[in-house]
J.: 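One structure is given below, represented as structure tokens, and several questions about it will come after.
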Amino acid sequence: GEYASTAFGATFKKTIDIVDLGFQYVTMSASVNEDNGDDAPKDGMLDGFSTSEMSLEVKATFNEQMALALNYSSNEGTPGTSGAKTYTLQTTELAFDFTASDTMGISAVYGMYAFDTGYSGDGNKSNGTMINLTLKIMTDGISHYIAYQTRDLVSDEDDAEKATESR
């Protein structure tokens, strides 16, 4: 393609009794592909872009029907444009899975996230929450999902109103 990217990562997973511990680290960089990037903007957002993400998971599987997980993720990235600041995104989630039968299950996730553009001043940081509820029904080997999601986000800007969305 027009951009060349390189990524490296490491994953570790360990099960101790009913608890699964997981750790993952990934880093990636991208730049204009000199052999095929004639139309790609040099010094644009993706030319010189770099990002890294670290994720942790602690999951307890109580029996064949119930599991509870705590997930944490920290991501930072720097666009390739000159003078661009490094942004950060941190996410924490608590997830509960319940399998009612071989063909039906529900999942509930509550999450919090914080975003920082890296620039100073009001309006460059925001916080939010989300709730996902998902029902999975399997018929004839095909998984069907019915899901509901609600999210909110509020900026650190003075008198900022909370934005909400439901799907």
Side-chain angles (χ1 to χ4, degrees), residues 3-32 41 43-62 66-99 105-136 145-167:
Y3 294 94
S5 62
T6 304
F8 296 98
T11 300
F12 171 80
K13 184 176 179 184
K14 177 78 174 167
T15 300
I16 304 168
D17 198 19
I18 66 166
V19 177
D20 290 328
L21 302 172
F23 170 82
Q24 184 172 37
Y25 178 80
V26 177
T27 183
M28 187 199 84
S29 62
S31 60
V32 169
D43 300 322
M45 187 154 185
L46 293 176
D47 188 22
F49 173 76
S50 65
T51 185
S52 62
E53 181 169 7
M54 185 267 310
S55 302
L56 298 170
E57 178 187 49
V58 178
K59 181 178 180 180
T61 304
F62 300 107
M66 290 190 298
L68 185 65
L70 178 64
N71 302 309
Y72 173 79
S73 175
S74 179
N75 175 276
E76 66 177 36
T78 306
T81 50
S82 178
K85 300 287 185 183
T86 298
Y87 66 82
T88 59
L89 174 63
Q90 295 178 339
T91 305
T92 305
E93 295 178 336
L94 182 62
F96 175 73
D97 293 320
F98 178 75
T99 303
I106 60 170
S107 178
V109 179
Y110 174 78
M112 299 181 301
Y113 50 94
F115 181 73
D116 184 343
T117 65
Y119 292 91
S120 61
D122 289 345
N124 286 299
K125 294 181 182 180
S126 55
N127 294 301
T129 61
M130 62 135 194
I131 297 173
N132 290 322
L133 300 172
T134 305
L135 172 65
K136 176 184 173 183
Y145 297 92
I146 301 169
Y148 172 77
Q149 179 186 70
T150 181
R151 300 187 297 178
D152 64 56
L153 181 69
V154 64
S155 168
D156 70 341
E157 192 170 12
D158 289 340
D159 299 324
E161 291 188 29
K162 185 183 290 188
T164 60
E165 173 185 55
S166 295
R167 301 180 199 199

J.: State, to 0.1 Å, how close Glu157 and Asp122 come at their nearest heavy-atom pair, and which atoms those are.
T.: CA-CB, 4.0 Å
J.: Would a 4.5 Å heavy-atom cut-off, applied to side chains only, mark Ser107 and Lys136 as touching?
T.: no
J.: State the OG-CZ distance between Ser52 and Phe8, to the nearest 0.5 angstrom.
T.: 14.0 Å
J.: Of all heavy-atom pairs between Lys85 and Pro79, which one has the smallest distance, and what is that distance?
T.: O-CD, 3.6 Å
J.: Within the structure provided, determine whether Thr6 and Thr27 are in side-chain contact (heavy-atom separation under 4.5 Å).
T.: no
J.: Determine, stepwise, if the pair Asn127 / Met112 fulfils side-chain contact (heavy atoms from CB on, under 4.5 Å).
T.: CA-CA 8 Å; Asn127 294 301; Met112 299 181 301; over 6 Å; no
J.: Side chain to side chain contact (heavy atoms under 4.5 Å, CB included) with Thr99: which residues, sequence neighbours excluded?
T.: none
J.: Are any of the side-chain heavy atoms of Ile146 and Leu133 separated by less than 4.5 Å?
T.: no
J.: Quick one: NZ on Lys14 to CG on Leu21, what's the gap to the nearest 0.5 Å?
T.: 9.5 Å
J.: Check the orientation of Phe115 and Tyr87. Use parallel for under 30°, tilted for 30 to 60°, and perpendicular for over 60°.
T.: tilted
J.: Using 0.5 Å steps for rounding, measure from the CG atom of Leu94 to the CD1 atom of Ile131.
T.: 11.5 Å
J.: Report the residues that fulfil salt bridge (Lys or Arg N to Asp or Glu O under 4.0 Å) with Glu165, sequence neighbours left out, ordered by chain and then residue number.
T.: Arg151, Arg167
J.: Do Asp152 and Thr129 have side-chain atoms, one donor and one acceptor, less than 3.5 Å apart?
T.: yes
J.: For the backbone of Met66 and the side chain of Asp97, can you confirm whether one donor and one acceptor N or O come within less than 3.5 Å of each other?
T.: no
J.: Nearest 0.5 Å, what's the CD-OH distance between Gln90 and Tyr72?
T.: 3.5 Å
J.: Do you know which two heavy atoms are closest between Asp156 and Gly121, and how far apart they sit?
T.: OD2-O, 4.3 Å
J.: Starting at CZ of Phe62, measure out to CD1 of Ile18 and round the result to the nearest 0.5 Å.
T.: 5.5 Å
J.: Check Ser155 against Ala160 and note the closest heavy-atom contact, atom names and distance.
T.: O-CB, 3.6 Å
J.: Could you tell me which residues satisfy side chain to side chain contact (heavy atoms under 4.5 Å, CB included) with Glu93, sequence neighbours excluded, listed by chain and number?
T.: Asn71, Thr91, Val109, Met130
J.: Excluding sequence neighbours, so at least two apart, what forms side chain to side chain donor-acceptor pair (under 3.5 Å) with Ser5?
T.: none
J.: Can any side-chain N or O of Thr51 pair as donor or acceptor with the backbone N or O of Glu76 at less than 3.5 Å?
T.: yes
J.: Report the residues that fulfil side chain to side chain contact (heavy atoms under 4.5 Å, CB included) with Ser166, sequence neighbours left out, ordered by chain and then residue number.
T.: Tyr148, Thr150
J.: Just jot down the side chain to side chain contact (heavy atoms under 4.5 Å, CB included) partners of Asn124, sequence neighbours excluded, or say none.
T.: Thr117, Tyr119
J.: Does a donor on one side chain sit under 3.5 Å from an acceptor on the other, for Thr86 and Thr78?
T.: yes
